[in-house]
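What you are looking at is a predicted structure, and each value in this text was computed from that prediction instead of being measured.
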Amino acid sequence: HVQLVESGGGSVQAGGSLRLSCVASGSTASRACMGWFRQAPGKEREEVARMTTSGGIKHYADSVKGRFTISPDSAENRWYLQMNSLKPEDTATYYCASSFRTCGLVTQSTWYWGQGTQVTVS
C-alpha cells in the first residue's frame with residue numbers, strides 16, 4: 001500500500017521561500033519516479049517537477065525553472081520541493097506523487113498522490 005504525506009505548506013509574501021516535504025510508505029519500487037504537482041482554483045492540475053529515484057535526472061515546468069528545486073533525501077522515502085522567489089501565481093494546492101514507472105513512461109493514471117498542502121503567496 002502506497003501512502004504519501006506532504007507537509008510544509010503555508011502563507012508567504014511574494015519573494016519568499018517555502019520547502020515542501022513528502023514522506024512515502026510502501027515499497028521502494030513505487031518511487032521509480034517522484035514528483036510535485038499543483039492545482040490552483042478553477043485550473044487543472046499541472047506538473048511542477050519530477051525526478052528519478054536518485055535525483056540524477058530532473059525536469060521542471062518552465063514556470064518554475066530557476067526558482068524551484070526538487071531533491072531527494074538520504075532516506076529514500078522522502079523528497080522535497082524548495083520554492084524560492086515565490087510569486088502570487090504560485091498559489092495552489094501542491095501534491096507530491098510517485099510512480100512504479102520510470103519518469104519517461106509515467107502517465108497520469110500511474111501516479112500515486114498525496115492529499116495536498118496549500119501554498120498561498122500574497
Side-chain angles (χ1 to χ4, degrees):
H1 177 67
V2 176
Q3 185 174 14
L4 307 178
V5 180
E6 304 97 336
S7 62
S11 296
V12 65
Q13 292 187 337
S17 299
L18 284 173
R19 188 176 80 158
L20 306 182
S21 298
C22 182
V23 178
S25 62
S27 69
T28 302
S30 69
R31 297 185 288 279
C33 187
M34 298 176 283
W36 289 94
F37 291 72
R38 67 185 181 187
Q39 187 168 20
K43 295 187 177 181
E44 293 187 355
R45 187 175 299 188
E46 64 172 347
E47 181 175 329
V48 174
R50 68 170 68 180
M51 67 178 180
T52 53
T53 301
S54 64
I57 301 175
K58 302 177 182 180
H59 294 280
Y60 296 93
D62 288 343
S63 58
V64 306
K65 280 181 181 177
R67 300 188 299 122
F68 290 12
T69 302
I70 186 172
S71 63
D73 189 88
S74 56
E76 293 183 344
N77 68 331
R78 184 188 295 266
W79 61 100
Y80 305 101
L81 184 69
Q82 178 67 43
M83 305 185 294
N84 298 328
S85 302
L86 283 161
K87 305 175 181 180
E89 51 263 43
D90 294 318
T91 295
T93 301
Y94 284 71
Y95 300 87
C96 66
S98 71
S99 178
F100 281 93
R101 293 192 177 185
T102 59
C103 286
L105 297 176
V106 69
T107 63
Q108 283 293 320
S109 64
T110 59
W111 287 108
Y112 292 97
W113 301 98
Q115 83 288 350
T117 185
Q118 179 67 37
V119 171
T120 303
V121 185
S122 60

Please report the interatomic distance [atom1]([X]) to [atom2]([Y]), rounded to the nearest 0.5 Å.
{"X": "C33", "Y": "R101", "atom1": "SG", "atom2": "CZ", "value": "11.5 Å"}
{"X": "C96", "Y": "E6", "atom1": "SG", "atom2": "CD", "value": "4.0 Å"}
{"X": "N77", "Y": "S30", "atom1": "CG", "atom2": "OG", "value": "9.5 Å"}
{"X": "W113", "Y": "S99", "atom1": "CH2", "atom2": "OG", "value": "10.0 Å"}
{"X": "C22", "Y": "I70", "atom1": "SG", "atom2": "CD1", "value": "9.5 Å"}
{"X": "K65", "Y": "H59", "atom1": "NZ", "atom2": "NE2", "value": "9.5 Å"}

Within the structure provided, determine whether [X] and [Y] are in side-chain contact (heavy-atom separation under 4.5 Å).
{"X": "M34", "Y": "Y112", "result": "no"}
{"X": "V48", "Y": "Y60", "result": "no"}
{"X": "T53", "Y": "W79", "result": "no"}
{"X": "V23", "Y": "L4", "result": "no"}

- Query: Do V106 and W36 share a hydrophobic cluster, counting only Ile, Leu, Val, Met, Phe, Trp and Tyr and linking them when any side-chain heavy atoms are less than 4.5 Å apart?
  - Reply: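 Shared cluster, no.
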- Message: Count I, L, V, M, F, W, Y as connected when their side-chain heavy atoms are under 4.5 Å apart, and connections chain through other members. Are V121 and F37 then in the same cluster?
- Response: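 They do not share one cluster, since no chain of ILVMFWY contacts under 4.5 Å joins V121 to F37.
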Measure from the side-chain N and O atoms of [X] to the backbone N and O of [Y], and report whether any donor-acceptor pair falls under 3.5 Å.
{"X": "R50", "Y": "C103", "answer": "yes"}
{"X": "R67", "Y": "S85", "answer": "yes"}
{"X": "T120", "Y": "T91", "answer": "no"}
{"X": "Q3", "Y": "S25", "answer": "no"}
{"X": "S21", "Y": "Y80", "answer": "no"}
{"X": "E46", "Y": "R38", "answer": "no"}

- Which of parallel (below 30°), tilted (30 to 60°) and perpendicular (above 60°) describes Y94 and F68?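 Ring orientation of Y94 relative to F68: tilted.
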- Check against side-chain contact (heavy atoms from CB on, under 4.5 Å), S17 and V12: CA-CA 7 Å; S17 299; V12 65; over 6 Å; no
- Query: Under 3.5 Å, is there a donor-acceptor pair linking the side chains of T93 and Q118?
  - Reply: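 Checked: T93/Q118 side chains pair up, N/O donor to acceptor below 3.5 Å.
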- S71 and T69 side chains, donor-acceptor separation under 3.5 Å: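 Checked: T69/S71 side chains show no N/O donor-acceptor pair below 3.5 Å.
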- Please report the shortest heavy-atom distance between W111 and G35, naming the atom on each side.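 Of all heavy-atom pairs spanning W111 and G35, the closest is CZ3-N, 4.0 Å.
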- Message: To check you understand the geometry: which heavy-atom pair defines the closest contact between S54 and P72, and what is its length?
- Response: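 Residues S54 and P72, closest heavy atoms: O-CG, 3.7 Å.
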- Item | Pair K87 + D90: basic N to acidic O under 4.0 Å |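 Looking at D90 together with K87, the answer is no, because their closest N to O distance does not fall below 4.0 Å.
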- Ring-face cation contact, Y95 with R45, 6.0 Å cut, 45° max: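 The answer is yes, since R45 meets both limits relative to Y95.
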- L20 vs T117, side-chain contact (heavy atoms from CB on, under 4.5 Å): CA-CA, chis, key distance, verdict: CA-CA 8 Å; L20 306 182; T117 185; 4.0 Å; yes
- Answer yes or no: does atom CD of Q13 have more than 12 heavy-atom neighbours from other residues, nucleotides or ligands under 6.0 Å?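 No, CD of Q13 has 12 or fewer neighbouring heavy atoms, counting only those of other groups under 6.0 Å.
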